[in-house]
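I have placed the structure first, in the form of structure tokens, so that the comments after it can refer back to it.
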Amino acid sequence: MTTVTVTVRIPDGWPVTEEEARAVQDALRARVEAGGSGPPPGTGRVTGVDVAYDDGRDLVAAAAVVLDGATLDVVAEATAVGSVPFPYVPGLLAFRELPAVLAALDALPCPPGLVVCDGYGLAHPRRFGLASHLGVLTGLATVGVAKNPFTFHHDDPGAARGSTSPLLAGTEEVGRVLRTQDGVKPVFVSVGHRTGLDDACAQVLAVTPRHRLPETTRRADALCRRALQEALTRH
DNA sequence: GCGACAG
DNA sequence: ATCTTGTCGC
């Protein structure tokens, strides 16, 4: 498997302040498309994206790994390296992660299909997490898979793989708590762009045959860490 | 005002 | 996210 590595380019007009970032969220939020028209779970292509940082050296590395939805074999992968465009601010994670992710996706030699993000989509204080943001910017179908409940509340789902419970903001179901392996801590799924919550959960289960986290995220996580180390070594 | 807070 | 050793278990 050959991996193309490109340099991150920060899009024109990328916000610098938190106020600007919130204004961008407000402007883009209405462009989220609800519902899914993509291939059923276990078919088509599924792509994982993830980002690693060395803030001390102002270095960021992103990876995009495309898997065959049926076999979960790696079909293609790409990485992007550059400087950190935005600090970590809860609720504004998209502005820190997306420039590198967009560059990695652009470098892929094939369409990514459904994109599985690390973090949230609709389940966001302002209902526009990084998965939603990525979907609107690219037009791709996206889902968010987070490892903790962020600011939301929930009851624990049943112990069996596939069990779910609603992820709640007050009484509003903004996502779903999904048990991906028997007796293992669940993940937190929310809709990004052009997907529905039921489909998002089914898609996540389809790429989670053996571990708590999707194969897409595991592959992307490993690759972006490697890319970061590579960049550190070269300089 | 203070704490909580995806990655 | 990242800082970090050994250790228990499949």
Side-chain angles (χ1 to χ4, degrees), chain A residues 8 15 18 21-22 24-25 28-29 32 48-65 79-104 115-136 142-154 161 167-170 172-178 180-193 197 200 204 209-214 216-229 231-232:
Chain A
V8 175
E18 297 185 21
R22 291 190 198 95
V24 171
Q25 290 185 328
L28 296 181
R29 188 172 45 213
V32 171
V49 293
D50 195 16
V51 185
Y53 301 90
D54 186 324
D55 284 283
R57 298 193 178 184
D58 187 33
L59 214 53
V60 58
V65 180
T79 63
V81 177
S83 55
V84 181
F86 204 88
Y88 173 67
V89 180
L92 301 178
L93 183 61
F95 300 97
R96 177 170 168 82
E97 303 225 324
L98 289 193
V101 168
L102 291 168
V115 180
V116 178
C117 301
D118 265 43
Y120 281 114
L122 210 218
H124 177 274
R126 309 180 75 236
R127 303 296 181 271
F128 198 69
L130 81 176
S132 316
H133 201 145
L134 178 62
V136 167
T142 63
V143 302
V145 179
K147 295 183 271 305
N148 68 60
F150 198 13
T151 63
F152 304 105
H153 297 148
H154 66 91
R161 164 177 156 86
L167 183 65
L168 299 171
E172 175 188 4
E173 185 182 31
V174 294
R176 205 157 280 164
V177 187
L178 173 64
T180 55
Q181 299 297 329
D182 292 351
V184 170
K185 176 180 176 177
V187 298
F188 303 84
V189 176
S190 59
V191 152
H193 188 58
L197 190 50
V204 170
R210 187 177 169 78
H211 300 280
R212 174 165 89 113
L213 299 179
T216 40
T217 39
R218 291 169 49 81
R219 291 309 232 290
D221 177 76
L223 183 55
C224 72
R225 292 192 193 211
R226 250 181 285 149
L228 182 65
Q229 292 312 315
L232 289 170

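Letters go in sequence order (proteins before strands), and every chain restarts at 1.
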Any salt bridge (Lys or Arg N to Asp or Glu O under 4.0 Å) pairs touching residues 91-103 of chain A, not counting sequence neighbours?
Asp55(A)-Arg96(A)
Could you tell me which non-hydrogen atom of [X] sits nearest to which non-hydrogen atom of [Y], and how far apart they are?
X	Y	answer
Phe95(A)	Ala21(A)	CZ-O, 3.2 Å
Ser132(A)	Leu122(A)	OG-N, 3.4 Å
Glu172(A)	Arg127(A)	OE1-NH2, 2.9 Å
Val84(A)	Asp58(A)	N-OD1, 2.9 Å
Ala103(A)	Val8(A)	CB-CA, 4.1 Å
Ala94(A)	Pro99(A)	O-CD, 4.2 Å

In dot-bracket form, how is DNA chain C paired, counting a Watson-Crick or G-U wobble pair only if both its distances are under 3.5 Å and using | for bases paired to another strand?
..........
Is His211(A) atom NE2 crowded by more than 12 heavy atoms from other residues, nucleotides or ligands, each under 6.0 Å away?
yes
Within 6.0 Å of CZ in Arg126(A), more than 12 heavy atoms from elsewhere
yes
Table please: side-chain donor-acceptor pairs of residues 182-190 of chain A below 3.5 Å, with sequence neighbours left out.
from: Asp182(A); atom 1: OD1; to: Arg161(A); atom 2: N; distance (Å): 2.7
from: Ser190(A); atom 1: OG; to: Gly121(A); atom 2: N; distance (Å): 2.8

Base-paired stems that DNA chain B participates in, counting runs of 3 or more Watson-Crick or G-U pairs under 3.5 Å:
none
Closer than 3.5 angstrom, by distance alone: can the side chain of Thr142(A) be matched with the main-chain N or O of Val115(A) as a donor-acceptor pair?
no
Tell me: CG of Leu228(A) to P of dA1(C), nearest whole Å?
12 Å
Just by protein heavy atoms under 4.0 Å, how would nucleotides 1-7 of chain B read 5' to 3' in B, S and -?
----BBB
List the protein contact pattern of nucleotides 5-10 of chain C with one symbol per nucleotide (5' to 3'): B for base contact, S for sugar-phosphate-only contact, - for none; contact means a heavy-atom distance under 4.0 Å.
------
Any salt bridge between Lys147(A) and Asp118(A), counting N to O under 4.0 Å?
yes
